Amino acid sequence: MTEITHWADVMAEEILRSGKKHLVATGITPSGHIHIGNMREVVTADATYRALLDQGADAEIIYVADTYDPLRKVYPFLDESFAPHVGKPISEIPCPCGECTSYAEHFLKPFYKALDRLGIHPKIYRADEMYKQGMYVESIKTALLNRDKIAHILQEHSGKEVTADWSPFNPICNKCARLTTTKVTGFDIEAETVNYVCSCGDNGTVSMTGGGKLTWRVDWPARWGVLGVTVEPFGKDHASKGGSYDTGKAISEEIYGYKAPYPVVYEWIMLGTKGAMSSSSGVVVAISDMLEVLPPEILRYLIIRTKPEKHIRFDPSLPLLNLVDEYEKLSANNEGPSYNRRLKELSHAAGICHTDIPFRHMITIYQVAHGDLDRVMKIVERSGYSTKNEKCILELAENVGKWLDMYAPDMVKFSVKEEIPVQAATLNATQRSFLQALSEEIDAANELSGEDYHNLVYSSQDKNSSLNARMGRIMGIDAEELEVRTTEMFKAIYLAVLGQQSGPKAGWFLSSMEKEFLAKRFKEAASYRP
RNA sequence: GGGCUCGUAGCUCAGUCAGGCAGAGCGUCUGGCUUUUAACCAGACGGCCUAGGGUUCAAAUCCCUACGAGCCCGCCA
C-alpha cells in the first residue's frame, strides 16, 4: 500500500511554489441561514490554511461577509413585510427577529458561533464596512474608467451581450435605498462621486465611499487586489467556463494587474437522496442545527475526508451513525497509517470535549433516561464509565437528544414503559417462566454488570444453571423437557420492558436500569393478564 | 447548443496529479470466548475500476469517443 498524501497537503505544496506568503479568503453572503453546504467552503479554506502553515508558509485566513449585497427576493422564510426591502443591501435592512443590528447580522451571528466551534478563526471583514471606509474607491475608479474593456471581457468570456447602459458600479438610490434599480449616468473621478437615475423616479449623486458597490463579477476581482488574496475556495457554480472565476481572473489580471488567486473548487453537498443542498429549493440543513447534533470535529471530518471536487452525500438519519462510528474509531486509534493521523489533525476543532462513551451507547442511555440529564449521569455511572467529564457527557447527551428528535428513524427509538405494556399479554408459558425466574435471580443478586445480565440470559438454555432449574420448577416439568430458545427469551425481555420485539443489546441495556425496577417488571410480566 | 466536475465491492468512498499485483470502512456470511438482537474479536465472500477505442513492456491512472449523474454559461457566490 502506498502512502497517501491528503488533498490539502498536495494543494499546499502546489500553492507554495508561487511564494511563501499567502492569504486564504472565503466569502459567503448571509442572505439566509448558512447551511452545511456553505460550511464546506470555510472548512476547505481552513484545511488549506492549516496545510500551508504546516509546510512553513506565512499564511493568513480571512472571511469576507458579503453584507453589501442586495436582498434578491422575499425568501420563503421571510414574511411579506420584507417586500419593500428587496434590492437594498442586506446590511441596511432590519433584522427578521428584531434583535440584531441588521438583516445580515441576524444570519452572521450564528455563523460566527459555528466558525468558532469548528476551530476556524479567520480575520473577519464585512463588505459594507469595506465600502463605507473607502477601501474600494480606487477599484471603483479603475472599473468606471475601464468600463468598455470590462464589458468586452464579460462578453468575450460569457458570450453574453452587455447592454449599452451597463456599468460595473451600482449606486444606492438616495431615495429608495435600493442598488438594483439604479443606472449610472456619469461620474467625477476628482470628486469621487457617481451620478445615477433610479426607476423609483429619483436621480442624484452618490459618493464612491459607501454610495454603492461594484457588481459581483467586478467586486470579486477588485477584492483580490484590495486584500491581497492568493488562495480562495469557491463552489463549482463559479468554476465553469464563462463563470465568475473566469471573468474575475481576466478582470483581475488585465484591469487591476493582480494575479488571480489559486482556485480551490468544491462540489455540492447532497442531502440524503433529496439532491443538492440549496437555500432556494429548501433542501437545507443549517450548520447551527448540525452542531447541536454532532461534535464539531465530526462535521469537519465529513468535509476533510473527501476531496473538494467530489460531491459529498450527507444523510443525517441512520447513515450519520456510520460517520460517527468511523470518526470515533479513528479518534481512538493513535497508531495506524500517517494518512489517518493527518485526517484526525485536520478534523481537529479547538476546545473539544472528550468522553469515551460512544454516540451509539448514548442513544440507549438517553432513551432509558427518558431524556432526563440527571438520570443520564446515574446510568453512565452505573454502566462503569468515568463521570469525570460531566460537561462533555451532558453535551453528548444533548446532541443525541436532538438527533433522536430531528433525524433518527423509528428503528432506533424506544421508550422504557412506566407501566407494564399490553404487548406483554402475548408472552407464552416458557417466556413467562423465564421472566419469573429472571426476576428471582435478579432479586437474589447484588450488583449486576452488563456482562452479568448477558450471561444470565444465556444461562437459561443451560441445563446446569440455576435459572434453568428455576424455570423448570415454575413450569412444573423436568429439566429434560424444558426447551429454551434464547432468541425467544430476548424477545420476552424487550416485550416486558419496551412493548416491542427487539431493542438495544440486552446485557448492556439491562444494566443501565435499576435492578429493583427490572425484578418488579419481570415478575409482573410473568403473570400479566390484561 | 457550449463548458466544468464526477462515475472504483451491496453502501460510503481512498487510490488517478507523479502509469507498476484492485484498496479501506460499513453491510453480508462464517467462526471464536459454555453465550451476543442495535457494545467484542478473528477470518472469508465480494470487482469487466460505466462502456468502447488509442498510447505503452505495463493503464483504474495518460489521450479520444460514447453513456450516466450533478452543475454552470441568465451579472440569483
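Not measured: the values here are computed from a predicted model. Letters A, B, ... mirror the listed sequences (proteins, then strands); counts begin at 1.
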message = Both A:Lys307 and A:His238 contact RNA chain B. Taking the nearest nucleotide for each, which residue is further toward the 5' end?
response =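 Result: A:Lys307.
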inquiry  = Both A:Tyr494 and A:Ala239 contact RNA chain B. Taking the nearest nucleotide for each, which residue is further toward the 5' end?
reply    =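 On the 5' side of the pair lies A:Ala239.
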query = What side-chain hydrogen bond (donor to acceptor under 3.5 Å, both in side chains) pairs are there with at least one residue in residues 493-507 of chain A, not counting sequence neighbours?
reply =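 Applying side-chain hydrogen bond (donor to acceptor under 3.5 Å, both in side chains) to every pair that reaches into residues 493-507 of chain A, excluding sequence neighbours, yields nothing.
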Using a heavy-atom cut-off of under 4.0 Å over every strand shown, decide if [X] touches base, sugar-phosphate, or nothing.
{"X": "A:His311", "result": "sugar-phosphate"}
{"X": "A:Val265", "result": "nothing"}
{"X": "A:Ser244", "result": "nothing"}
{"X": "A:Thr247", "result": "nothing"}
{"X": "A:Asp462", "result": "base"}

message = Check this for me: does any side-chain nitrogen of one of A:Lys329 and A:Glu326 sit under 4.0 Å from a carboxylate oxygen of the other?
response =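 Salt bridge absent between A:Lys329 and A:Glu326.
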query = Is it true that the side chains of A:Glu309 and A:Trp7 contain a donor and an acceptor less than 3.5 Å apart?
reply =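 No, A:Trp7 and A:Glu309 have no side-chain donor paired with an acceptor closer than 3.5 Å.
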Taking pairing as Watson-Crick or G-U wobble with both contacts under 3.5 Å, can you name the mate of [N], or confirm there isn't one?
{"N": "B:A42", "answer": "B:U30"}
{"N": "B:U61", "answer": "none"}
{"N": "B:A22", "answer": "none"}

Nucleotide of [options] approaching [X] most closely (side-chain heavy atoms):
{"X": "A:Gln500", "options": "B:A77, B:A38, B:U36", "answer": "B:A38"}
{"X": "A:Lys505", "options": "B:U35, B:A77, B:U36", "answer": "B:U36"}
{"X": "A:Trp166", "options": "B:U12, B:A39, B:C75", "answer": "B:C75"}

What is the distance, to the nearest angstrom, from the [atom1] atom on [X] to the [atom2] atom on [N]?
{"X": "A:Arg72", "N": "B:A77", "atom1": "CZ", "atom2": "P", "answer": "7 Å"}
{"X": "A:Lys236", "N": "B:G3", "atom1": "NZ", "atom2": "P", "answer": "17 Å"}
{"X": "A:Gln501", "N": "B:A38", "atom1": "CD", "atom2": "P", "answer": "15 Å"}
{"X": "A:Asp246", "N": "B:A77", "atom1": "CG", "atom2": "C1'", "answer": "15 Å"}
{"X": "A:Tyr301", "N": "B:U12", "atom1": "OH", "atom2": "C1'", "answer": "10 Å"}
{"X": "A:Phe234", "N": "B:U5", "atom1": "CZ", "atom2": "P", "answer": "12 Å"}
{"X": "A:Phe111", "N": "B:A77", "atom1": "CZ", "atom2": "P", "answer": "15 Å"}
{"X": "A:His6", "N": "B:G15", "atom1": "NE2", "atom2": "P", "answer": "9 Å"}

request  = Step by step, work out the ring-ring contact (aromatic ring centres under 6.0 Å, His included) result for A:Tyr75 and A:Phe77.
outcome  = CA-CA 5 Å; A:Tyr75 293 106; A:Phe77 53 84; 5.5 Å; yes
task = Would you give a per-nucleotide map of nucleotides 25-32 of chain B, 5' to 3', where B means the base has a protein non-hydrogen atom under 4.0 Å away, S means only the sugar-phosphate does, and - means neither?
result = SS------
query = Taking the six-membered ring for Trp, are A:Tyr131 and A:Tyr136 parallel (under 30°), tilted (30 to 60°) or perpendicular (over 60°)?
reply =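 Taking A:Tyr136 first and then A:Tyr131, their aromatic rings lie parallel (interplane angle under 30°).
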What interatomic distance, in whole Å, is found between [atom1] of [M] and the corresponding atom of [N]?
{"N": "B:C40", "M": "B:C49", "atom1": "C1'", "value": "34 Å"}
{"N": "B:A9", "M": "B:A22", "atom1": "P", "value": "15 Å"}
{"N": "B:C62", "M": "B:G47", "atom1": "C1'", "value": "23 Å"}
{"N": "B:G52", "M": "B:C13", "atom1": "P", "value": "25 Å"}

key: Verify stack between A:Trp216 ring and B:A77 base, 5.5 Å, 30 degrees   =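 Taking the rule of under 5.5 Å and under 30°, the ring of A:Trp216 does stack on B:A77.
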Could you pull out every donor-acceptor pair under 3.5 Å between side chains of residues 148-157 of chain A and any protein atom, sequence neighbours left out?
from: A:Gln155; atom 1: OE1; to: A:Val162; atom 2: N; distance (Å): 3.3

inquiry  = Holding to side chain to side chain donor-acceptor pair (under 3.5 Å), I want the full list of residues that pass it with A:Tyr385, two or more places apart in sequence or in another chain.
reply    =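 A:Tyr385: side chain to side chain donor-acceptor pair (under 3.5 Å) contacts with A:His361.
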message = I'd like to check the side chain to side chain donor-acceptor pair (under 3.5 Å) partners of A:Lys249; sequence neighbours left out, ordered by chain and number.
response =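 So A:Lys249 forms no side chain to side chain donor-acceptor pair (under 3.5 Å) with any residue.
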inquiry  = Once side chain to side chain contact (heavy atoms under 4.5 Å, CB included) is applied, do any residues pair with A:Arg360, and if so which ones, sequence neighbours excluded?
reply    =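 Partners of A:Arg360 by the side chain to side chain contact (heavy atoms under 4.5 Å, CB included) criterion, ordered by chain and then number, come out as A:Leu321, A:Asn322, A:Asp325.
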